[in-house]
Amino acid sequence: MRSRMIAGNWKMNKTYDEAVELATGLADELKDGTGSVDVVVCPPAVDLKGVAEVIEQKKAPFALGAQDVYWEESGAYTGETAPNMLTNIGAKYCIIGHSERRGYFHETDEDVNRKAKALLAHNIIPINCCGESLEVREAGKHVSFVVEQIKKDTDGIELKDPNQYVIAYEPIWAIGTGKTATADDAQEVCGAIRETLASLFGKDLADTIRVLYGGSAKPDNIAGFLTEEDVDGALVGGASLKADSFAAMVKAAMN
Ligand code: PEP
């Protein structure tokens, strides 16, 4: 049985003070706990420490995630963040391969694979994003495209525990556009991802790795996705920027 996960990707939003305020508001909204739902918030790098302090002080029922990492341990890589820097401030998760990083910053599957390995070596759980463009979907190649991404991103990785890895299927055409995939669209690809995971890691592990949907998920449409067999939660962008809407999604996942 897989427990659900709701993860918030704050992207390049929220100054340090605003991030502390949002995390505090979310801790208040979720003060009665989140049941079996795992909740993660991924603020910008400069806000991580402040959010970590809120989590600790308020005993908040959510974990801290970063939005990116570099695969080297330390050194002359101006602007980058090493995995042990994330561990040191209490990050438990890290998004990798987000379509905005693949698109704007030319991140390749090989880069994503290196990042995944570096995170796993530091016991940080990757939230590995994948997803197709509108062009690929219209050509009817979305399933094979995403399956290839996952194979490349996880190449050479050995998992011992299904909780070491999370996949987020995020069709690019649905991110931040208000255009959501249907629950059936999400299930089609999330199901194919799970089959791929089974071929890579064995059925038992694949049956317990969480596969999330992301792309204009909101309080009023999350329930539909969660009824699908292979959708275990959501990676949420816009709707994670307000404590009440993100908390409403967590509460929907608790039902
Ligand atoms: C995202 O970028 O991870 C995302 C899902 O964004 P939004 O919910 O705003 O579409």
Side-chain angles (χ1 to χ4, degrees), residues 4-14 18-19 22 26 37-45 47-48 51 62-69 91 93-107 112 115-116 119 125-134 136-137 142 145-146 149-150 153 165-183 185-187 189-190 193 210-226 228 230-253:
R4 288 177 171 163
M5 172 176 285
I6 303 293
N9 175 11
W10 296 1
K11 308 194 184 187
M12 198 177 74
N13 294 294
K14 307 294 175 189
E18 289 166 349
L22 174 55
L26 188 60
V37 179
D38 289 327
V39 181
V40 183
V41 295
C42 303
D47 299 341
L48 284 165
V51 175
F62 48 85
L64 186 66
Q67 295 178 17
D68 192 23
V69 69
Y93 294 83
C94 182
I95 296 171
I96 52 172
H98 193 280
S99 59
E100 288 153 14
R101 296 221 55 90
R102 293 180 193 258
Y104 298 135
F105 304 103
H106 313 294
E107 193 165 290
V112 177
K115 291 180 180 191
L119 290 170
I125 301 165
I127 302 178
N128 187 161
C129 300
C130 55
E132 80 286 357
S133 64
L134 190 56
V136 170
R137 175 157 282 261
H142 49 289
F145 181 88
V146 170
Q149 275 188 324
I150 293 302
D153 293 354
Y165 217 85
V166 176
I167 306 278
Y169 167 55
E170 300 204 307
I172 299 169
W173 47 272
I175 295 180
T177 58
K179 227 187 244 180
T180 35
T182 64
D185 291 335
Q187 171 57 30
V189 182
C190 291
I193 290 171
R210 263 87 62 93
V211 181
L212 314 181
Y213 167 75
S216 299
K218 303 188 255 307
D220 61 6
N221 64 18
I222 178 107
F225 292 106
L226 295 176
E228 296 295 337
D230 289 300
V231 179
D232 305 314
L235 179 56
V236 185
S240 71
L241 295 174
K242 290 212 168 105
D244 56 354
S245 64
F246 191 61
M249 297 177 82
V250 173
K251 286 173 189 167

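Atoms within a ligand are numbered from 1 in the order they appear, just like the ligands themselves. In what follows, residues are counted from 1 in the order of the sequence shown.
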Item to check | Contact check, A234 vs ligand 1, heavy-atom distance below 4.0 Å | outcome: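 Flag not set, A234 not near ligand 1.
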Checklist entry - What part of A174, side chain, backbone, both or neither, has a heavy atom within less than 4.0 angstrom of ligand 1? => result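 It is the backbone that gets close, since no side chain atom is under 4.0 Å.
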Checklist entry - Looking at ligand 1, does any of its N/O atoms fall within less than 3.5 Å of an N/O of G237? => result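 Min N/O separation from ligand 1 is below 3.5 Å for G237.
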Checklist entry - In chain order, what residues pass the side chain to side chain donor-acceptor pair (under 3.5 Å) check against Q187, with sequence neighbours excluded? => result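 Partners of Q187 under the side chain to side chain donor-acceptor pair (under 3.5 Å) test: D230.
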Checklist entry - Which residue supplies the protein heavy atom nearest to atom 9 (O) of ligand 1, what is that atom called, and how far is it? => result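 Result: G238 N, 2.9 Å.
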Checklist entry - Of K11, E170, Q67, which has the heavy atom at the shortest distance from atom 2 (O) of ligand 1? => result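 Ranked by closest heavy atom to atom 2 (O) of ligand 1, first place is K11.
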Next on the checklist: So, regarding G215 and ligand 1 (criterion: nitrogen or oxygen to nitrogen or oxygen, under 3.5 Å), is there a contact or not?
Outcome noted: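 No; the residue has no nitrogen or oxygen that sits under 3.5 Å from a nitrogen or oxygen of the ligand.
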Next on the checklist: With heavy-atom distances below 4.0 Å as the criterion, list the atoms of ligand 1 near G176.
Outcome noted: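 Close to G176: 7 (P), 9 (O), 10 (O).
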Item to check | Gap separating the CZ atom of R102 from the CD1 atom of I172, nearest 0.5 angstrom | outcome: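 Here the rounded value is 8.0 Å.
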Checklist entry - Are K115 and D68 within salt-bridge range, i.e. N to O under 4.0 Å? => result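 Here K115 pairs with D68 in a salt bridge, since their nearest N and O are under 4.0 Å apart.
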Checklist entry - Which of the numbered atoms in ligand 1 are below 4.0 angstrom from a heavy atom of I175? => result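 The atoms of ligand 1 under 4.0 Å from a heavy atom of I175 are 1 (C), 2 (O), 4 (C), 6 (O), 10 (O).
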Checklist entry - Looking only at heavy atoms, is any part of N9 under 4.0 Å from ligand 1, and if so is it the side chain, the backbone, or both, or is it neither? => result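 It is the side chain that touches ligand 1; the backbone stays farther off.
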Item to check | Donor-acceptor contact below 3.5 Å, side chain D153 vs main chain I150 | outcome: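 Side chain of D153 to backbone of I150: no pair is present.
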Checklist entry - If only atom types and distance count, is the side chain of Q67 paired as donor or acceptor with the main-chain N or O of N9 below 3.5 Å? => result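 Pair absent, no side-chain N/O of Q67 close to backbone of N9.
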Next on the checklist: Using heavy atoms and a 4.0 Å limit, tell me yes or no: is A239 in contact with ligand 1?
Outcome noted: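 No, that is not the case, since the closest heavy atom of the residue is not under 4.0 Å from the ligand.
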Checklist entry - Tell me, which protein residue and heavy-atom name are nearest atom 1 (C) of ligand 1, and how many Å apart are they? => result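 Going by distance alone, atom 1 (C) of ligand 1 is nearest to H98 NE2, 3.2 Å.
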Item to check | Closest non-hydrogen atom pair between P171 and A181, with its separation | outcome: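 Closest approach of P171 to A181, heavy atoms only: CG-CB, 4.3 Å.
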Item to check | With sequence neighbours excluded, residues passing side chain to side chain donor-acceptor pair (under 3.5 Å) with E100 | outcome: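 Partners of E100 under the side chain to side chain donor-acceptor pair (under 3.5 Å) test: K11.
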Checklist entry - With a 4.0 Å cut-off on heavy atoms, does K218 reach ligand 1? => result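 Judged by the 4.0 Å heavy-atom criterion, K218 does not count as contacting ligand 1.
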Checklist entry - Relative to the heavy atoms of S216, which atoms of ligand 1 are at a distance of less than 4.0 Å? => result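 What qualifies from ligand 1 is 7 (P), 8 (O), 10 (O).
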Next on the checklist: So which atom in G8 and which in S240 form the shortest heavy-atom distance, rounded to 0.1 Å?
Outcome noted: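 Answer, listing the atom of G8 first, then S240: CA-CB, 3.6 Å.
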Next on the checklist: I need the L226 CG to I6 CD1 distance, nearest 0.5 Å.
Outcome noted: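 So the gap between those two atoms works out to 5.5 Å.
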